[in-house]
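Keep in mind it's a predicted model, so treat the numbers as computed, not measured. Quick note on labels: first sequence line is chain A, next is B, and so on, each numbered from 1. The analysis underlying the following values was restricted to heavy atoms, covering all of them including side chains, and did not include hydrogens, waters or symmetry mates.
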There are 2 protein chains.
Amino acid sequence: MVNLNKHPENPEEAILKAASEIFIEKGFDGARMQEIADKAGLNKALLHYYYRSKDKLFRAVFNKVFQRLMDGLVSVFEENMPVFDTIRIFFKEHQEVLITYRHLPVFILNELQRDPNIVVDMFNTSRLKKVRNTFFHRIEKEKQEGIIRQSIQPMELFINILSLSVFPYAAKPLITSFIGIDESAFFDMMEARKDGLADFVIQSIKA
Amino acid sequence: MVNLNKHPENPEEAILKAASEIFIEKGFDGARMQEIADKAGLNKALLHYYYRSKDKLFRAVFNKVFQRLMDGLVSVFEENMPVFDTIRIFFKEHQEVLITYRHLPVFILNELQRDPNIVVDMFNTSRLKKVRNTFFHRIEKEKQEGIIRQSIQPMELFINILSLSVFPYAAKPLITSFIGIDESAFFDMMEARKDGLADFVIQSIKA
DNA sequence: GTCTATATTGGGATAGAC
DNA sequence: GTCTATCCCAATATAGAC
């Protein structure tokens, strides 16, 4: 589960922590206020006292975990360094993020499909602007320098990298049952895959 | 929405069709038997008459749409032809499948995360066996022939191709809000991306 | 602020007429 | 087989004592 607050001292944080775990595991519709209260060691009435409604509590949770995941996945692209380095570091670090936040990708994708209005607009656009100014800019520069192939589109490369990184974790139950391996074997496989992924991408884009 | 039965003549099929649309859109927990009945033009009692319980109705739906999506995505890999051709044809056809079944990937990934026990085991293993005997076998052969790089792992390549193909559609709400485009612009972007994706992969694996 | 008790609606499931 | 009416539990939300 996601550890949002290591040691919540006040009820408000304890509720948010418990709610995060339950919502991420069961989704908005599957989550029960009673279960959240139990996990927080409090009673239902307090959830409403602090967050008014299930819906408002959910939004608080969603915004928080969404930003967490984005921080974990996107921050590398905001550093200004050679593109190949960015890619290698990203794939080296992404596994840790995705293991820590196991269920987050599917949770976010699903809730966004259920209700596209929950997106945190401000965050998205400002975040992408930063990626544009660093990673995308760097790609164009290295295309000029003859390091990267001319035909490479920054946005598509970005989407490709995220796809290769995130999808296998989202599809973990499918993959494990397909191949007939258990969870730990799956994570071993992902671990072994890291370097290969960077090679896979770099091989594609180098001039 | 997914059109499972064009013109359902009998109630049983009408229910399954309506249930598919509702379950895929709202998930198991978010779906309402009443809404399914309304959409099918029948009453709740009939749903229970034909399918006993919400859970059983859901399983009937899930098994069906799961197999549909797999057919659409995996069948190309079961044809015996040069690997590069397989890849090009797959990316050429995948868009159509994923537009037709828009919400299916997230639906399936989410329900599998919610309850990993719903996997249809028999189907998976037999299906993968076929892919192994054709696509995987072909990769090994072309490695011998010096067409494909020695370091390429068939299973990982397979996962990579599916990731590149499916993830952007699963993350559609995120991508559109990120870039600030609408649905139709998104599909245009995906359409334009097809050829580039095949190039992206082939560039990576060719010797 | 924190609890217990309760109001109230929603929704899966069934009984029973036709 | 198909309907209406109803049962009954579950779940969000609130009232009110402390």
Side-chain angles (χ1 to χ4, degrees), chain A residues 1 4-5 7-65 107 110-111 113-115 117-118, chain B residues 1 4-5 7-65 107 110-111 113-115 117-118:
Chain A
M1 293 309 113
L4 279 174
N5 308 289
H7 294 293
E9 322 80 6
N10 57 66
E12 199 166 350
E13 281 181 18
I15 292 169
L16 199 63
K17 180 181 185 299
S20 301
E21 296 172 7
I22 301 290
F23 276 132
I24 290 168
E25 193 190 332
K26 315 209 165 179
F28 177 80
D29 293 315
R32 296 291 162 248
M33 295 293 267
Q34 183 61 60
E35 204 179 350
I36 294 172
D38 291 347
K39 176 156 270 185
L42 301 164
N43 57 73
K44 272 191 299 179
L46 268 197
L47 308 202
H48 287 93
Y49 176 78
Y50 282 104
Y51 292 93
R52 299 287 302 165
S53 69
K54 182 184 180 183
D55 199 74
K56 288 203 171 58
L57 176 55
F58 176 78
R59 281 168 191 275
V61 166
F62 186 87
N63 291 345
K64 189 150 192 170
V65 301
F107 168 72
N110 185 58
E111 297 300 335
Q113 174 158 304
R114 198 177 59 82
D115 174 17
N117 295 323
I118 52 177
Chain B
M1 292 308 112
L4 279 175
N5 309 288
H7 294 294
E9 322 82 6
N10 57 65
E12 199 166 348
E13 281 181 17
I15 291 168
L16 199 63
K17 181 181 184 300
S20 300
E21 295 172 8
I22 301 291
F23 275 132
I24 290 168
E25 193 190 332
K26 315 209 165 179
F28 176 80
D29 293 316
R32 297 289 162 251
M33 295 294 268
Q34 184 61 59
E35 204 179 351
I36 294 172
D38 291 347
K39 176 156 271 187
L42 302 165
N43 57 74
K44 270 195 299 180
L46 269 197
L47 308 202
H48 287 93
Y49 176 78
Y50 282 105
Y51 292 94
R52 298 290 302 167
S53 69
K54 183 184 181 183
D55 199 73
K56 287 202 172 60
L57 175 56
F58 176 79
R59 281 170 190 273
V61 165
F62 186 86
N63 290 345
K64 190 151 191 167
V65 300
F107 167 72
N110 185 59
E111 297 299 334
Q113 174 158 304
R114 198 178 57 83
D115 174 17
N117 296 324
I118 52 176

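The CD-P distance, from B:E35 to C:dG12, rounds to 10 Å in whole Å. Across the protein-nucleic acid pair, A:K44 atom NZ and D:dA11 atom P stand 9 Å apart, rounded to whole Å. Nucleotide D:dA10 holds its P atom 12 Å from the CD atom of A:Q34, rounded to whole Å. One interatomic measurement links the two molecules: NZ of A:K56 to P of D:dT12, which rounds to 15 Å at whole-angstrom precision. One atom, NE2 of A:H48, and another, P of D:dG16, lie 17 Å apart when rounded to the nearest Å. Residue B:L42 contributes atom CG, which lies 11 Å from atom P of D:dT4 at whole-angstrom precision. In this structure, CZ of A:R32 is placed 17 Å from P of D:dC9, rounded to the nearest angstrom. The nearest whole Å value for the distance from the CD1 atom in A:I36 to the P atom in D:dA13 is 11 Å.
Among the nucleotides C:dC3, D:dT12, D:dT2, the one closest to any side-chain atom of B:P11 is D:dT2. Relative to the side chain of A:N43, the nucleotides D:dT12, C:dT2, D:dA15 differ in distance, and C:dT2 lies closest. Considering only the side chain of B:K54, C:dG12 comes nearest among D:dT12, D:dT4, C:dG12. Between D:dC3, C:dA13, D:dG1, one nucleotide has an atom nearer to the side chain of B:Y49 than all others, and that is D:dG1. Picking from D:dT2, C:dG1, C:dA13 the nucleotide with the shortest atom distance to the side chain of B:L46 gives D:dT2.
Backbone-only contact: B:A31 has heavy atoms under 4.0 Å from sugar-phosphate atoms and none from a base. Residue contacts shown for A:Y50 are limited to sugar-phosphate atoms, with no base heavy atom under 4.0 Å away.
Between B:F107 and B:F62 the shortest side-chain heavy-atom distance falls below 4.5 Å. With a 4.5 Å cut-off on side-chain heavy atoms, B:R32 and B:K26 do not count as touching. Counting heavy atoms from C-beta on, the side chains of B:L57 and B:Y50 never come closer than 4.5 Å. Counting heavy atoms from C-beta on, the side chains of B:I118 and B:R59 come closer than 4.5 Å.
What you find for A:S20 and A:V61 is that their closest heavy atoms are CA-CG1, 3.7 Å.
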